[in-house]
Amino acid sequence: MDIFFGIIIPFIGTTLGASMVFFTKGKGNEALEKLMVGFASGVMIAASIWSLILPAIELANVNYKLSWLPIVIGFLLGTFLLLILDIIIPHIHALGEKAEGLNNNKHKKRTMMMLAITIHNIPEGIAVGVIFAGLLSETVGISYSSAMALAIGIAIQNFPEGAIVSMPLALDGKQKFKSFIFGMLSGIVEPIAAGLTLLLSKLMVPILPYLLSFAAGAMIYAVVEELIPESQMGRHTNLATIGVAIGFLLMMVLDISL
């Protein structure tokens, strides 16, 4: 039961973040949306560096002679996956009429952001699974308190991530409950990945640098291709820039301190 609670904690963090959608008012606020898009960009950039790339480098330095190679391969795979999806999604959602095409473009941006965050959550779930697998093995000196500290730290990081999936959807006019469900589901992969890792821990640990850098590549692509350009269109671009700074610094502090 303690292990189950430990691997479910990060998902609870995402769910609480997604629930923030119920505190938004109205169907749309351009200034708030720009701030949220900028905030999402900052969170994703910082998470890519501190939660993904740096841990991947540390693991690769221990397990690989060419420590940079898993990082490069994983990052490129994550980037090209999002590139392929970026090409496919407009064809799936194309409706022909101009107004509907604009709505589809915004839908594509939201889909890309949710997908990138969901992909990013997979290696975090694996990391939780790995540390609890180490705890159960009783051979690597991992304590229950340290395993729970990691799970709680990831849960805190997941709070803003759940919010940046659900809140923009609500601001676009989607029902708040549906927006909440989408935000919550972006984190469901974490306990699934953690549980599978517990079962397959001996196989997953060696490829963790690839998985971490894969998620980083997907997130950076989504930020550069979708979020930053969207945040700099129209009015309130300064708010978007401020949002980037706030999101980046908040996630950096959480990653370093937790």
Colleague: What's the separation between atom OG1 in Thr241 and atom NE2 in His236, rounded to the nearest 0.5 Å?
Modeller: 13.0 Å
Colleague: Is atom OH of Tyr64 surrounded by more than 12 heavy atoms (other residues, nucleotides or ligands) closer than 6.0 Å?
Modeller: yes
Colleague: Shortest non-hydrogen contact from Gly183 to Val165?
Modeller: CA-CG1, 3.6 Å
Colleague: Go through the steps for Ile9 and Val128 under the test side-chain contact (heavy atoms from CB on, under 4.5 Å), then give the verdict.
Modeller: CA-CA 10 Å; Ile9 285 176; Val128 172; over 6 Å; no
Colleague: Apply the side-chain contact (heavy atoms from CB on, under 4.5 Å) test between Leu52 and each candidate in Ile71, Leu212, Ile220; give the one that qualifies.
Modeller: Leu212
Colleague: In Å and rounded to the nearest 0.5 Å, what is the CE to CG distance from Met167 to Leu35?
Modeller: 9.0 Å
Colleague: Please find the pair of heavy atoms, one from Ser166 and one from Ala18, that lie closest to each other, and give the distance.
Modeller: OG-O, 3.0 Å
Colleague: Are Phe75 and Trp68 an aromatic pair, judged by ring center distance below 6.0 Å?
Modeller: no
Colleague: Rounded at 0.5 Å granularity, tell me how far NZ in Lys176 sits from CE in Met20.
Modeller: 11.0 Å
Colleague: Rounded at 0.5 Å granularity, tell me how far CZ in Phe159 sits from CD1 in Ile12.
Modeller: 13.5 Å
Colleague: Can you name the nearest heavy-atom pair linking Gly6 to Ala151, along with the distance?
Modeller: O-CB, 3.4 Å
Colleague: For Pro70, does its backbone N or O pair with a side-chain atom of Ser213 as donor and acceptor, under 3.5 Å?
Modeller: yes
Colleague: Out of Met252, Met219, Met251, which residue meets the side-chain contact (heavy atoms from CB on, under 4.5 Å) rule with Val43?
Modeller: Met251
Colleague: To the nearest 0.5 angstrom, please state how far the OG1 atom of Thr237 sits from the CD1 atom of Ile242.
Modeller: 9.5 Å
Colleague: To the nearest 0.5 Å, what is the distance between CE on Met44 and OH on Tyr221?
Modeller: 12.5 Å
Colleague: Do Ile7 and Thr197 have side chains that approach each other closer than 4.5 Å (heavy atoms only, starting at C-beta)?
Modeller: no
Colleague: Would you indicate whether the side-chain heavy atoms of Ile126 and Ile122 approach each other to under 4.5 Å?
Modeller: yes
Colleague: Checking the side chain of Asn121 only, and the main-chain atoms of Val189 only, is there a donor and an acceptor separated by less than 3.5 Å?
Modeller: no
Colleague: From the options Thr15, Ile119, Thr118, Ile181, select the one residue that forms a side-chain contact (heavy atoms from CB on, under 4.5 Å) with Ser186.
Modeller: Thr118
Colleague: So if you build clusters from Ile, Leu, Val, Met, Phe, Trp, Tyr with side-chain heavy-atom gaps below 4.5 Å, do Phe23 and Phe180 land together?
Modeller: yes
Colleague: Considering residues, nucleotides and ligands other than Tyr210, do more than 12 of their heavy atoms fall under 6.0 Å from its OH?
Modeller: yes
Colleague: For a quick test of reading the model, state the closest non-hydrogen atom pair linking Leu239 to Ala31 and the distance between them.
Modeller: CD1-CB, 3.7 Å
Colleague: Find out if a path of hydrophobic residues (ILVMFWY) with successive side-chain heavy-atom gaps under 4.5 Å connects Leu211 to Val62.
Modeller: no
Colleague: Could you tell me which non-hydrogen atom of Pro55 sits nearest to which non-hydrogen atom of Trp50, and how far apart they are?
Modeller: CD-O, 3.2 Å
